[in-house]
2 protein chains.
Amino acid sequence: MVSNKIDFTNEQPLYMQMVEIIKQRVIENSWQPGMKIPSENEMAREFDLSVGTIKKALGVLVNEGVLFRRQGQGTFIAQPDFSRSFIRFFRYGMTGGKPSEVPGSRILKFEIVRADTEVADILKLGPEEKVYRIKRVRTLLDKPFAVEELYLPYDKFQGIDKIALGNKLLYPIYSREFSVPVIWADEYLQPETIRQDTAAMLEVDERTPVICIERIAYTYGDLPVEFRRSICVGKNFQYHIVIR
Amino acid sequence: MVSNKIDFTNEQPLYMQMVEIIKQRVIENSWQPGMKIPSENEMAREFDLSVGTIKKALGVLVNEGVLFRRQGQGTFIAQPDFSRSFIRFFRYGMTGGKPSEVPGSRILKFEIVRADTEVADILKLGPEEKVYRIKRVRTLLDKPFAVEELYLPYDKFQGIDKIALGNKLLYPIYSREFSVPVIWADEYLQPETIRQDTAAMLEVDERTPVICIERIAYTYGDLPVEFRRSICVGKNFQYHIVIR
DNA sequence: AAGTGGTCTAGACCACCAT
DNA sequence: TGGTGGTCTAGACCACTTT
């Protein structure tokens with residue numbers, strides 16, 4: 001539990017306590033993306049800290065990408081950034097010349113089922129807990145390039161519906177409609193041989209090489225919120241990553 | 001060109017000038033990894049800045065991973081970190097239980113050739129410039145899992161030799177022996193069908209699915225210093241990445 | 001005990017933006 | 001013009017490590 005006051009007797013540095021308080025407000029959605037937060041001076045008065053301490057706390061949060069600041073204007077809650085997610089990883093064309101298009105998708109299956117042991121384990125669900133299972137084909141410039149299977153915990157995404165998902169990107173929906181922003185993810189890539197039915201869906205023959213990408217997406221507190229397995233054909237597509 | 005003095009009339013913030021000066025010393029190797037650098041107070045005196053300004057500059061560099069600090073001991077030049085490079089990306093076993101082993105390698109070919117247009121373009125070399133071309137098999141627990149072709153600019157790595165490379169990791173050698181630390185890299189992954197000769201080398205049959213990983217590694221100043229193309233078999237191996 | 005980095009304060013001055 | 005964040009200073013006190 002995070003307090004909403006600074007504890008001057010706590011061994012935790014004051015600026016770190018301040019960081020936690022601000023994070024808490026963002027998580028609770030009482031401070032929403034794009035919103036201007038109080039000025040340094042206001043916060044210094046409110047929490048009885050020096051401006052320098054507030055500056056330090058805000059610096060940490062800017063660094064983490066939670067806030068951004070504009071001289072003369074103020075400090076704002078950052079929009080969750082999906083620039084490093086799925087979309088950006090795929091580039092159309094081997095030569096890498098063109099920037100990526102936003103991929104489309106067509107939903108094949110949408111159902112509520114009990115999580116099997118693998119999925120339950122990954123999503124940290126108890127036995128018998130339910131998940132949404134969604135299967136879709138992903139396209140770039142109207143050409144299918146991947147088949148995807150997604151698992152979402154039922155309790156977090158209760159009421160999500162097939163039509164609303166339609167041809168849309170999911171992470172902004174998770175964030176806006178369900179207050180479940182995706183903060184980071186784990187991905188595992190492996191070459192595989194394509195399955196017959198998948199080959200048909202992707203309109204390729206059975207000897208086409210594919211990559212299987214398994215992703216576990218996490219929200220605040222390292223809570224897993226999505227598991228997806230994508231089978232991607234390599235023809236004209238590339239997975240790109242910058243290692244820093 | 002970076003000066004070794006602070007210019008108080010410069011519009012550039014003093015702490016940023018300080019950051020550049022320190023970086024310069026690291027690049028020039030006049031300050032080497034592991035070395036203790038002067039204390040805050042000493043630097044403040046030397047450059048006629050307040051301790052606060054020095055603190056801010058050091059904070060930036062700690063954040064970038066160039067320095068690390070220990071209370072009561074001092075500030076040190078960080079060792080280049082290879083934890084996020086090749087090694088870590090491969091995990092032995094689908095279940096991902098065990099931590100990764102350090103991969104070994106066996107050199108198949110080692111030659112000096114003129115760069116072809118593709119390689120010259122990638123490594124930003126002029127026409128007619130020479131490169132080292134190295135081909136090797138990579139192993140994990142004595143089992144081959146990848147065939148790799150590497151290209152290094154001849155002028156940067158003059159004198160590198162086959163024997164010295166042996167069964168070793170390359171990036172520490174680049175850094176120690178040639179003052180060319182790898183700072184970041186671009187990777188492109190694609191599923192492919194294995195070639196017959198490659199299949200033989202990796203002791204797998206010809207229908208084995210593989211991933212082709214192309215990496216361009218850069219040093220300070222975004223200068224490309226290595227191009228490698230790895231053909232990796234997927235059996236029991238996985239490429240893992242954390243997206244943040 | 002002396003030196004190091006870590007935290008925190010109070011205040012100055014500046015560049016930038018909205019009004 | 002007044003408010004915002006960005007830079008910079010000078011100094012205090014603390015926790016930690018070495019000598």
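Every chain is numbered from 1, with letters handed out A, B, ... down the list of sequences.
Taking the ring axis of Tyr188(A) as reference, the NZ or CZ atom of Arg215(A) does not stay both within 45° of it and closer than 6.0 Å to the ring centre. Cation-pi geometry between Arg138(B) and Phe145(B) is not satisfied (NZ or CZ under 6.0 Å from the ring centre, within 45° of the ring normal).
Looking at heavy-atom distances under 4.0 Å, Leu58(B) makes no contact with the nucleic acid at all.
Residues Val180(B) and Leu223(B) form no side-chain contact, since every pair of their non-hydrogen atoms from C-beta on lies 4.5 Å or further apart. Inter-residue side-chain proximity for Ile160(B) and Leu152(B) is flagged as met; some heavy-atom pair is nearer than 4.5 Å.
Residues of residues 35-55 of chain B having a heavy atom closer than 4.0 Å to DNA chain C, listed by number: Ser39(B), Glu40(B), Glu42(B), Lys55(B). Annotation: proximity of residues 63-72 of chain A to DNA chain C (heavy atom, distance under 4.0 Å) is found for Gln71(A), Gly72(A), numbered in ascending order.
Taking NZ from Lys23(B) and CH2 from Trp31(B), the interatomic distance works out to 14.0 Å, rounded to the nearest 0.5 Å. Rounded to the nearest 0.5 angstrom, Met18(A) CE and Glu46(A) CD are separated by 7.0 Å.
For DNA chain D, the span of nucleotides reached by chain B at under 4.0 Å from its heavy atoms goes, 5' to 3', from dT7(D) to dT18(D).
One interatomic measurement links the two molecules: CD of Gln73(A) to P of dT19(C), which rounds to 10 Å at whole-angstrom precision.
A salt bridge links Arg69(A) to Glu40(A): one of the charged nitrogens lies within less than 4.0 Å of a carboxylate oxygen. With respect to Arg229(A) and Glu118(A), a salt bridge is recorded, a charged nitrogen being found less than 4.0 Å from a carboxylate O.
Checked against a 6.0 Å centroid threshold, the rings of Phe178(B) and Phe157(B) count as neighbours. Remark: aromatic rings of Tyr132(B) and Tyr151(B) are distant, center separation not under 6.0 Å.
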